[in-house]
Amino acid sequence: MAANPQLICRLDELADPGSRAFRAGSGDWPLRGFIVRRGERVWAYLNRCPHAGHPLDCLPDRFLDADESRIQCASHGALFAIDSGYCVAGPCAGQRLVPIAVQVVDGSVLLVEEAEALAARLA
C-alpha cells in the first residue's frame, strides 16, 4: 500500500451497487478513475474507454448500465465486466479497462499505489 494512501470515499457513501468517479494526484493532469461497488467488494479502473480514449461517463458518477450489472461507456455503449474490466460487447470487444488497485480498510476505499506513480505507470 502507498505510504500515504489516498482516501477515495467511505464504502457506506457508495450505493450498492454503485459507482463513483475520483481524481488522484496533483497538477494539471491528475489521474481520473472510477470505482464500482458490489456488496463489500470494490473495483477501480482508469476512466478511459479503450475504444476512443475518452471518459466513460457523460453524467457524473454514471458508469453502470441500466440494470447495474456491467460498466457501460456512455458514448458508444460498450459493456465491460465489473470484476475484470473485460469488454463483452461494443466497438472494443475483447479489450480491457485499465485496472487501478484499491483496498477497503476499516470501511474506507483507499488507493493502494501513490497517485503520481500510478499516473506515470498508466501514461
Side-chain angles (χ1 to χ4, degrees):
M1 186 180 305
N4 296 310
Q6 179 176 334
L7 174 68
I8 295 174
C9 68
R10 298 275 312 154
L11 186 62
D12 60 10
E13 296 171 342
L14 189 59
D16 179 17
S19 59
R20 171 183 285 191
F22 69 90
R23 291 181 186 205
S26 57
D28 293 334
W29 300 99
L31 176 75
R32 289 180 169 91
F34 68 98
I35 56 175
V36 178
R37 177 182 182 186
R38 283 257 184 242
E40 298 302 307
R41 297 198 61 195
V42 176
W43 295 267
Y45 297 98
L46 186 64
N47 189 5
R48 183 170 58 206
C49 177
H51 169 242
H54 53 74
L56 292 157
D57 58 330
C58 283
L59 298 173
D61 301 325
R62 297 290 306 249
F63 294 94
L64 299 177
D65 63 358
D67 68 1
E68 299 179 319
S69 65
R70 295 197 173 115
I71 298 165
Q72 183 171 27
C73 176
S75 294
H76 298 101
L79 295 172
F80 303 87
I82 290 172
D83 63 348
S84 66
Y86 182 79
C87 183
V88 297
C92 51
Q95 295 181 334
R96 292 182 187 276
L97 299 173
V98 176
I100 298 173
V102 294
Q103 192 172 45
V104 178
V105 177
D106 296 329
S108 296
V109 181
L110 306 171
L111 282 177
V112 173
E113 191 173 349
E114 293 287 347
E116 283 76 13
L118 187 58
R121 181 173 62 83
L122 298 176

[atom1]/[X] to [atom2]/[Y] distance, rounded to the nearest 0.5 angstrom?
X: Ser75; Y: Asp57; atom1: OG; atom2: CG; answer: 9.0 Å
X: Asp16; Y: Leu11; atom1: CG; atom2: CG; answer: 8.0 Å
X: Leu79; Y: Cys87; atom1: CG; atom2: SG; answer: 7.0 Å
X: Leu64; Y: Arg70; atom1: CG; atom2: CZ; answer: 12.0 Å
X: Phe22; Y: Arg32; atom1: CZ; atom2: CZ; answer: 11.5 Å
X: Leu46; Y: Ile100; atom1: CG; atom2: CD1; answer: 5.0 Å

Taking the side chain as every heavy atom from C-beta outward, state whether [X] and [Y] have any pair of such atoms under 4.5 Å apart.
X: Cys9; Y: Arg20; answer: yes
X: Val109; Y: Leu14; answer: no
X: Val36; Y: Phe80; answer: no
X: Pro50; Y: Arg96; answer: no

Would the number of heavy atoms belonging to other residues, nucleotides or ligands and lying under 6.0 Å from CG of Asp67 be above 12?
yes
Students often mix this up, so state it plainly: with edges at 30° and 60°, are the rings of Phe63 and Phe34 parallel, tilted or perpendicular?
parallel
With the 4.5 Å side-chain cut-off for hydrophobic clustering, are Leu56 and Trp43 part of the same group?
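Yes; tracing contacts between hydrophobic side chains, which count when under 4.5 Å, links both residues.
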Would you kindly confirm whether Val98 and Ile8 end up in one hydrophobic cluster when ILVMFWY residues are joined by side chain heavy atoms under 4.5 Å apart?
yes
Shortest non-hydrogen separation from [X] to [Y] and the atoms involved:
X: Ile35; Y: Ala44; answer: CG2-CB, 3.7 Å
X: Ile82; Y: Tyr45; answer: O-OH, 2.7 Å
X: Ser19; Y: Asp61; answer: OG-O, 3.0 Å
X: Ala15; Y: Arg37; answer: O-CD, 3.6 Å
X: Ile71; Y: Ala81; answer: CD1-O, 4.2 Å
X: Leu111; Y: Ala24; answer: CD1-CB, 3.4 Å

Okay, side chain of Gln6, backbone of Arg23: is any donor-acceptor separation there less than 3.5 Å?
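Looks like yes, one N/O pair under 3.5 Å.
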